[in-house]
2 protein chains.
Amino acid sequence: MSSGGIHHLKSLEKGLALLEAFGPETQAMTLTELSQRCGFHISTVQRLTATLCRLGYLKRDHAKRYHLGLKVIKLGYRVTQSMALRTFLLPYLRDLFEEIDQTVNLFLLEGDEVVIVERIEKRQILQYNLHTGSGLPLYCTAAGKAILSHMEEEWVNAFLERVNFKAFTPHTLTTPQALKEALKVSREQGYAVNIQELALGACAVGVAFFDKTGIPCGAISAAAPAQFFNMEMVKRYLEPLKRTAGAASQFLGNHKD
Amino acid sequence: MSSGGIHHLKSLEKGLALLEAFGPETQAMTLTELSQRCGFHISTVQRLTATLCRLGYLKRDHAKRYHLGLKVIKLGYRVTQSMALRTFLLPYLRDLFEEIDQTVNLFLLEGDEVVIVERIEKRQILQYNLHTGSGLPLYCTAAGKAILSHMEEEWVNAFLERVNFKAFTPHTLTTPQALKEALKVSREQGYAVNIQELALGACAVGVAFFDKTGIPCGAISAAAPAQFFNMEMVKRYLEPLKRTAGAASQFLGNHKD
DNA sequence: TATAAGTTATCGTATTACGATAATGTTGTG
DNA sequence: CACAACATTATCGTAATACGATAACTTATA
């Protein structure tokens with residue numbers, strides 16, 4: 001009984017941890033590699049992989065390396081399909097995209113990051129490796145800062161305690177002071193901007209929306225290349241962004257989730 | 001020890017089954033609903049949901065209904081990120097999209113269906129609810145028929161035994177005979193077409209690719225609205241499609257997975 | 001071919017997940 | 001408002017199962 005609640009279903013937790021061990025750098029792993037990476041006994045990994053393979057969540061190649069199976073994608077797809085907010089907002093997002101002709105994102109707060117739940121991407125030379133499911137830090141994204149700016153000070157302070165600032169670019173805010181100041185401005189303005197804080201060349205404007213208890217739980221953002229980004233543009237995007245975020249808040253307020 | 005292999009990690013299997021219980025029609029479920037739907041004892045469901053909530057795979061709203069959590073999306077995202085073939089093909093697919101200016105799809109065979117692994121969608125009036133992770137039948141998709149057409153006859157016969165034909169449109173092939181004939185033509189041509197067999201107004205051309213053992217394991221397809229679709233178009237798309245599918249086959253041949 | 005490393009199979013034991021039941025909380029109805 | 005019906009949470013003894021050590025076997029490496 002190590003951590004957390006009273007019910008602990010170990011093998012379920014371990015099985016999911018095993019799936020989470022895979023990533024861009026670890027596409028294929030052998031039994032022992034998995035055992036080492038997860039810190040599980042090799043017998044345990046053997047049982048886990050056997051079960052997961054049988055269910056289609058893992059595949060094994062002829063070199064006895066394990067890969068994630070397609071069942072995992074299908075599972076991920078289930079979420080977007082079974083998310084009322086996303087379904088509701090989809091037409092609004094399409095309208096927003098048509099109106100501003102820039103990449104638009106729907107983010108939801110998940111722990112200490114924002115996760116892309118829907119993204120309509122403008123095709124251009126510079127393509128980002130962002131998709132539904134991508135998790136991004138709060139402190140260097142327009143969506144994240146928009147959410148933070150509406151959080152209670154207590155919450156923000158606790159967040160600042162545990163966050164590990166990383167300078168993705170020279171423009172990334174990496175001190176609690178700098179971030180707090182930026183959040184104050186954002187709060188007053190009702191929107192947040194990200195000017196090349198996460199990636200050079202990438203800018204965005206984000207507006208938060210709120211659940212029925214008034215807590216910011218997500219944001220809509222519009223992204224644009226740095227060379228086209230300016231205050232005039234922000235002003236132009238602001239009204240449609242606020243309209244879309246407002247629709248989200250309203251939906252969450254009426255549909256008691 | 002009901003079915004399958006010797007190792008059976010029940011709670012892992014049940015936990016994943018629980019997640020799979022969610023879908024467009026079942027976005028939010030209570031404990032007892034989940035218990036009924038999955039056929040698990042309520043105590044079991046209680047343990048499963050507690051564990052999954054703690055791990056972020058489920059969320060519970062104030063009405064005590066469970067929803068899929070964002071962790072599931074993130075997990076799904078892991079697959080596409082950790083799939084060598086997809087990473088390799090992405091630029092080819094972008095080129096293909098530019099060249100033909102139609103929606104292109106990368107499908108992989110998974111059981112008796114094809115799953116979209118990557119999709120570059122042309123924006124147009126008619127938008128389909130298809131995304132990465134969508135699973136589609138083999139017998140009424142260009143990709144599926146392209147794969148089937150290169151399968152050994154034995155395999156196809158076994159498939160025809162177990163498949164449950166459903167007429168999505170009046171054009172859907174719903175008999176083994178009709179399908180077999182179509183597959184014969186496809187095999188000779190080296191590509192398969194889907195003319196409004198899955199959805200009215202939707203057509204596609206698909207070309208299969210092969211793993212290193214020569215078994216067809218996926219397909220590239222190009223989709224177009226029915227009003228624009230004709231033989232001349234197929235001819236125009238064929239060469240770039242074959243080129244892309246060829247790249248996939250070559251990749252799978254060299255990278256021993 | 002010899003040696004090491006990795007994978008699969010076996011098995012007794014301690015742990016854990018199971019499901020019945022009871023207690024508590026919630027919702028709907030007269 | 002009180003009662004009933006239902007749903008959720010907590011408790012607990014037992015049976016089952018997941019655990020991990022070990023051995024047998026297979027595959028890579030020098």
Side-chain angles (χ1 to χ4, degrees), chain A residues 1-22 26-55 57-69 212-213 255-257, chain B residues 1-22 26-55 57-69 212-213 255-257:
Chain A
M1 217 134 295
S2 48
S3 71
I6 196 74
H7 298 307
H8 214 73
L9 301 222
K10 251 194 194 169
S11 53
L12 176 54
E13 178 166 11
K14 286 188 177 174
L16 293 168
L18 200 81
L19 294 178
E20 288 182 19
F22 290 87
T26 49
Q27 303 199 347
M29 284 183 281
T30 95
L31 254 185
T32 36
E33 280 172 336
L34 276 167
S35 166
Q36 286 161 1
R37 177 167 248 267
C38 298
F40 302 154
H41 193 282
I42 194 153
S43 298
T44 306
V45 177
Q46 196 182 332
R47 280 188 289 271
L48 291 171
T49 51
T51 306
L52 291 169
C53 278
R54 208 163 38 74
L55 299 174
Y57 288 88
L58 283 182
K59 286 231 160 138
R60 202 170 73 153
D61 61 29
H62 75 287
K64 302 194 177 178
R65 289 172 314 189
Y66 293 90
H67 304 249
L68 285 178
K212 82 174 314 184
T213 68
H255 296 250
K256 36 194 168 292
D257 307 287
Chain B
M1 216 133 297
S2 49
S3 72
I6 197 75
H7 298 307
H8 214 74
L9 301 221
K10 252 194 193 169
S11 54
L12 177 54
E13 177 165 12
K14 287 188 176 173
L16 292 168
L18 200 81
L19 294 178
E20 288 181 20
F22 290 86
T26 50
Q27 303 198 347
M29 284 183 280
T30 98
L31 255 186
T32 35
E33 281 172 334
L34 276 167
S35 166
Q36 286 161 1
R37 175 166 250 268
C38 298
F40 302 154
H41 194 282
I42 195 153
S43 297
T44 306
V45 177
Q46 197 183 332
R47 280 187 289 270
L48 292 171
T49 51
T51 307
L52 290 169
C53 278
R54 208 165 36 72
L55 299 173
Y57 289 88
L58 283 182
K59 287 232 161 137
R60 202 170 73 152
D61 61 28
H62 74 288
K64 303 196 177 176
R65 289 171 314 189
Y66 294 91
H67 304 250
L68 285 178
K212 81 173 314 181
T213 68
H255 296 250
K256 35 193 169 294
D257 308 287

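Within every chain, numbering begins at 1; the chains are lettered A, B, ... in the order of the sequence lines, protein sequences first and strands thereafter.
Rounded to whole angstrom, the span from the CG atom of B/L9 across to the P atom of D/dA16 amounts to 18 Å. One can place CE of A/M29 at 15 Å from P of C/dG6, the figure rounded to the nearest angstrom. Atom NZ in A/K64 sits roughly 7 Å away from atom P in D/dA28 (whole-Å rounding). Rounded to whole angstrom, the span from the CG atom of A/L34 across to the C1' atom of C/dT8 amounts to 16 Å. In this structure, NE2 of B/H41 is placed 17 Å from P of D/dT11, rounded to the nearest angstrom. The nearest whole Å value for the distance from the NE2 atom in A/H62 to the C1' atom in D/dA28 is 13 Å. Atom CZ in B/R65 sits about 16 Å away from atom P in C/dT26, given to the nearest Å. In this entry the distance linking CD of B/E33 with P of D/dC6 reads 15 Å, nearest Å.
In the set D/dT17, C/dA17, C/dT8, the nucleotide with an atom closest to the side chain of A/L31 is C/dT8. Minimum atom distance to the side chain of B/T32 is reached by D/dT8, of the listed D/dA10, C/dT8, D/dT8. Of the candidate nucleotides C/dC18, C/dT7, D/dA10, C/dC18 has the atom lying nearest to any side-chain atom of B/R47. Here C/dT8 is the nucleotide among D/dT9, D/dC19, C/dT8 with the atom lying nearest to any side-chain atom of A/Q46. You'll find that the side chain of B/Y66 is closest to D/dT9, out of D/dA18, D/dT9, C/dT8. Comparing C/dT8, C/dA20, D/dG20 against the side chain of B/S43 picks out C/dA20 as the nearest.
Both A/I42 and A/K14 lie close to DNA chain D; mapped to their nearest nucleotides by heavy-atom distance, the more 5′-ward contact belongs to A/K14.
In this structure, B/E33 does not pair ionically with B/R65, as no charged nitrogen and carboxylate oxygen lie closer than 4.0 Å.
A donor-acceptor distance shorter than 3.5 angstrom exists from the side chain of B/R37 to the backbone of B/A21, with no hydrogens or angles considered. At distances below 3.5 Å, at least one donor-acceptor pair connects side-chain atoms of B/T51 with backbone N or O atoms of B/R47.
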Task: Evaluation steps, side chain to side chain contact (heavy atoms under 4.5 Å, CB included), between B/L31 and B/K64 - done: CA-CA 8 Å; B/L31 255 186; B/K64 303 196 177 176; over 6 Å; no

Open item on the list: Using side chain to side chain contact (heavy atoms under 4.5 Å, CB included), reason through B/L16 and A/L16 one step at a time and then give a plain yes or no.
Closed with: CA-CA 9 Å; B/L16 292 168; A/L16 293 168; 4.1 Å; yes

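Residue B/K10 has a polar side-chain atom (N or O) positioned under 4.0 Å from OP1 or OP2 of D/dT17. Between B/S11 and the phosphate of D/dA18, there is no side-chain N or O to OP1/OP2 separation shorter than 4.0 Å.
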